Amino acid sequence: MEEIDPESLADVAYGIFETFLNRELRARGPHLFELVEQGTDFEVDLRETFERFREDYPVLAEALLRRFGDINAIYGLIRTGEGVLPSRTTQMYWIVQDAPGPLARGLDDERVGKWLIFVPMGEVDAAWKMVRDETARGMLGISAKVSTARPNPDSRDERAVIYVYTRDWADEVDVMRVRERLRDLGFAERIGYKRNIETYRGEYSEEGRRVTYYSA
């Protein structure tokens, strides 16, 4: 078996751990981003969560400890915005926020699509907070994610990008409902909507060729 690069393993481990931590904290009460932005001390919760993570994913937990030394370093990073604010996130390419409820049930991934919002890096934190909070309240689509300060070799734009996902690209009423809510939040410029099936095919917009399904 080919040996896994330790740095690559730590990258994967960190993303999985933040997802695990978000889920555990949300089951108890506030979102992770709420705890961080309110300045709440959640070190005890994080340590308990890490021990459960280590039980379930011992190899990933050890990869994290090799990179960061101890759980205090991870806690310190999160408290300063790692995984919460895109401009302060360097361990992951994306921050994800799902809407409440069992939305994955019956979800056909090829029916999913997303609105794409491109934002200058200096404005991405404020833009993301608006989209994130509305998504967490169930007022937008099924999920949202934002690119971070970590340089992404697959990026095609110097700006940050926010994806706002809807369940079914063919449900134009719902797609446009989400677009109108984004306008209410201040995203008034024309933006494009792309279906997942184009993304899976590796189809991207370029000069003289567009792959957006809606534009509004």
Side-chain angles (χ1 to χ4, degrees), residues 8 11-12 14-20 22-23 26 31 33 83-84 86 89 91-119 121 124 127-216:
S8 297
D11 287 343
V12 172
Y14 190 86
I16 293 175
F17 175 64
E18 274 236 8
T19 300
F20 192 94
N22 269 287
R23 186 185 68 198
R26 187 61 185 140
H31 292 279
F33 68 79
V84 174
T89 297
Q91 301 297 317
M92 305 183 296
Y93 294 121
W94 301 94
I95 300 172
V96 177
Q97 178 62 53
D98 292 327
L103 293 173
R105 187 179 304 160
L107 193 65
D108 182 347
D109 206 35
E110 291 195 351
R111 302 291 292 187
V112 172
K114 65 266 188 184
W115 288 106
L116 285 71
I117 306 171
F118 290 92
V119 185
M121 281 302 298
V124 67
W128 170 242
K129 284 182 180 182
M130 289 190 292
V131 170
R132 177 199 68 193
D133 292 353
E134 287 295 279
T135 301
R137 291 174 56 210
M139 300 299 290
L140 279 174
I142 58 173
S143 184
K145 73 177 185 180
V146 61
S147 59
T148 69
R150 178 170 185 164
N152 190 334
D154 294 329
S155 176
R156 297 170 176 267
D157 199 296
E158 294 181 355
R159 297 168 295 176
V161 60
I162 299 173
Y163 294 162
V164 180
Y165 291 88
T166 74
R167 178 183 292 275
D168 186 353
W169 50 262
D171 186 348
E172 188 171 353
V173 171
D174 183 56
V175 171
M176 292 304 168
R177 175 194 65 79
V178 172
R179 178 64 187 104
E180 286 305 309
R181 186 62 191 135
L182 289 171
R183 282 196 181 91
D184 293 341
L185 294 176
F187 302 104
E189 293 185 3
R190 181 173 292 273
I191 58 175
Y193 180 96
K194 187 176 179 182
R195 303 183 300 179
N196 272 3
I197 51 178
E198 273 80 40
T199 301
Y200 296 154
R201 293 170 185 162
E203 297 179 9
Y204 296 93
S205 296
E206 55 190 36
E207 187 174 356
R209 180 174 179 271
R210 308 294 296 178
V211 295
T212 50
Y213 195 75
Y214 298 106
S215 180

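Bear in mind that the values here come from a model prediction, so they are computed numbers and not experimental data.
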Taking salt bridge (charged side-chain N to carboxylate O under 4.0 Å, His left out) as the test, write out the residues that go with D133, two or more places apart. none
Mind checking whether E18 and N22 have side chains closer than 4.5 Å, heavy atoms only? yes
So, using side-chain contact (heavy atoms from CB on, under 4.5 Å) as the criterion, who are the partners of T166 when residues are at least two apart? D174, V175, V178, Y193
To the nearest 0.5 Å, how far apart are CD1 in I162 and CZ in R132? 10.5 Å
Quick one: salt bridge (charged side-chain N to carboxylate O under 4.0 Å, His left out) partners of R190, sequence neighbours excluded? none
Residue list, ring pair (Phe, Tyr, Trp, His ring centres under 6.0 Å) with Y93, at least two apart or on another chain: none
Would you find a donor on one side and an acceptor on the other, under 3.5 Å apart, between the side chain of S147 and the backbone of V161? yes
Qualifying ring-ring contact (aromatic ring centres under 6.0 Å, His included) pairs, either residue in residues 134-157, two or more places apart: none
Heavy-atom closest contact (V131 atom, A144 atom, distance): CG1-CB, 3.7 Å
Side-chain contact test, heavy atoms from C-beta onward, threshold under 4.5 Å: evaluate it for R150 versus D11 and give yes or no. yes
Quick one: ring pair (Phe, Tyr, Trp, His ring centres under 6.0 Å) partners of F187, sequence neighbours excluded? none
Identify, with sequence neighbours excluded, every residue that meets side-chain contact (heavy atoms from CB on, under 4.5 Å) alongside R23. F20
Residue pairs meeting ring-ring contact (aromatic ring centres under 6.0 Å, His included), one or both in residues 135-168, sequence neighbours left out, come to W94-Y163
What residues form a side-chain contact (heavy atoms from CB on, under 4.5 Å) with D168, not counting sequence neighbours? R111, A170, D171
Point-to-point distance, once rounded to the nearest 0.5 Å, from OH of Y14 to CD of Q91: 6.5 Å
If the condition is salt bridge (charged side-chain N to carboxylate O under 4.0 Å, His left out), which residues does R26 pass it with, not counting sequence neighbours? none
Can you sort out the partners of E189 under salt bridge (charged side-chain N to carboxylate O under 4.0 Å, His left out), two or more places apart, ordered by chain and number? none
Residues two or more places apart in sequence or in another chain: which of them pass side-chain contact (heavy atoms from CB on, under 4.5 Å) with M176? W115, E172, R179, Y214, A216
